[in-house]
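Input: a single structure, listed below in structure tokens.
A note on names: the letters A, B, ... follow the listed sequences, proteins ahead of strands, and every chain is numbered from 1.
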There are 2 protein chains.
Amino acid sequence: MNDKTINLDSTDIQIIDCLKMNSRMQLKDISELVHLSAPAVAARIDKLESTGVIKHFTIEIDESKLNNSIQCFIILFMKNLDHLGLQKLIKSHYTIKEAHKISGHGCYLLKVHAKNQEELNALLDQLSLYGTYQLNISISKIK
Amino acid sequence: MNDKTINLDSTDIQIIDCLKMNSRMQLKDISELVHLSAPAVAARIDKLESTGVIKHFTIEIDESKLNNSIQCFIILFMKNLDHLGLQKLIKSHYTIKEAHKISGHGCYLLKVHAKNQEELNALLDQLSLYGTYQLNISISKIK
DNA sequence: TATGAAATGCAATAGTC
DNA sequence: GACTATTGCATTTCATA
């Protein structure tokens, strides 16, 4: 194991589930649900953050209501070995929301939100330096 | 357009960016950044929620630190026309974290977190009723 | 639709078990 | 590691423009 083992009890899981549903849920309300005092819950949340179990507090946006109208998944097949260069591009490119090295069909899978075709095209141009790709446009988000 | 047009000004975008980075950021701090009063920011956030731009307040979890150790992307190729049945399965299955109807290679793309191989297998069995699939296991999450 | 002041109520801290 | 009580402060509400 990479990191030292983190032991989460069922109360921690309950707290995580609460915050997943509503990260602004009040300590008071959480503490009632999990049968602890508010300071105890706060201490557990702090620990979950410092151990990295909770990466960060965020919001989920309906991208279709912004002007990020193109959502797609790109499967990349490397044609050279410049993984470091690619990963640098991935990390810096703001249209790439998520990226995984995969085993199966292809080498990398990228989740992309682009405002328009031009922005998508620009990304694809850059990616083509590293390999070929398969572009899968999201027609509708089921879940 | 499906919904009535939502007009977001640059202040709304700023507020969204703040909350994306930290959904628990205090109104006081946001209001200083965007040069508005705290009640004005609260009203805008309420509006963003009620119009559905903000879907919900949540946390990002490091799944590798829980026991959801398998992350994968499944591309599904339908072999029948029971899309409704499949979508019902997708919505109810807790290992499926995200699902898109796609154009390109395949019909659906699913993002899955499973605790172990058994859980993944069980899902694959159910999916095979609807079509064939391509399984792409995430080796590492770059971003 | 925003502001500013007042009131409510939550969260953080300290002290204790 | 958790609880209680107190303090301080953020959020909310209301009145005003």
Whole angstrom is fine here: how far is it from [atom1] in [X] over to [atom2] in [N]?
X: B/L27; N: C/dA2; atom1: CG; atom2: P; result: 14 Å
X: B/Q26; N: C/dA11; atom1: CD; atom2: P; result: 11 Å
X: A/H35; N: D/dG1; atom1: NE2; atom2: C1'; result: 18 Å
X: B/D12; N: C/dT1; atom1: CG; atom2: C1'; result: 12 Å
X: A/R24; N: C/dC10; atom1: CZ; atom2: P; result: 15 Å
X: B/M25; N: D/dA10; atom1: CE; atom2: C1'; result: 15 Å
X: B/L8; N: C/dT1; atom1: CG; atom2: P; result: 13 Å
X: B/K28; N: C/dA11; atom1: NZ; atom2: C1'; result: 14 Å

**OP:** Evaluate ring pair (Phe, Tyr, Trp, His ring centres under 6.0 Å) for A/H113 paired with A/Y94, printing each intermediate quantity in order.
**Re:** CA-CA 9 Å; A/H113 287 173; A/Y94 67 101; over 10 Å; no
From [options], nucleotide with atom closest to [X] side chain:
X: A/S37; options: D/dC3, D/dT11, D/dT12; answer: D/dC3
X: B/A40; options: D/dT12, C/dA11, C/dT3; answer: C/dT3
X: B/P39; options: C/dA5, C/dT13, C/dA2; answer: C/dA5
X: A/L36; options: D/dC3, D/dT11, C/dT3; answer: D/dC3

Original post:
Considering only heavy atoms from C-beta outward, does the side chain of A/I74 approach that of A/I96 to under 4.5 Å?
Top reply: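 Result no, sub-4.5 Å side-chain heavy-atom pair not found.
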Original post:
If you measure from the Lys or Arg side-chain nitrogens to the Asp or Glu carboxylate oxygens, is any gap between A/K141 and A/D62 under 4.0 Å?
Top reply: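 Not counted as a salt bridge, because no side-chain N and carboxylate O are separated by less than 4.0 Å.
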**OP:** Indicate yes or no: does B/R24 engage A/E49 in a salt bridge with an N to O separation below 4.0 Å.
**Re:**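 Judged by the 4.0 Å cut-off on N to carboxylate O distance, B/R24 and A/E49 do form a salt bridge.
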Original post:
Does A/R44 have a side-chain nitrogen or oxygen under 4.0 Å from the phosphate oxygens OP1 or OP2 of D/dA2?
Top reply: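 Yes.
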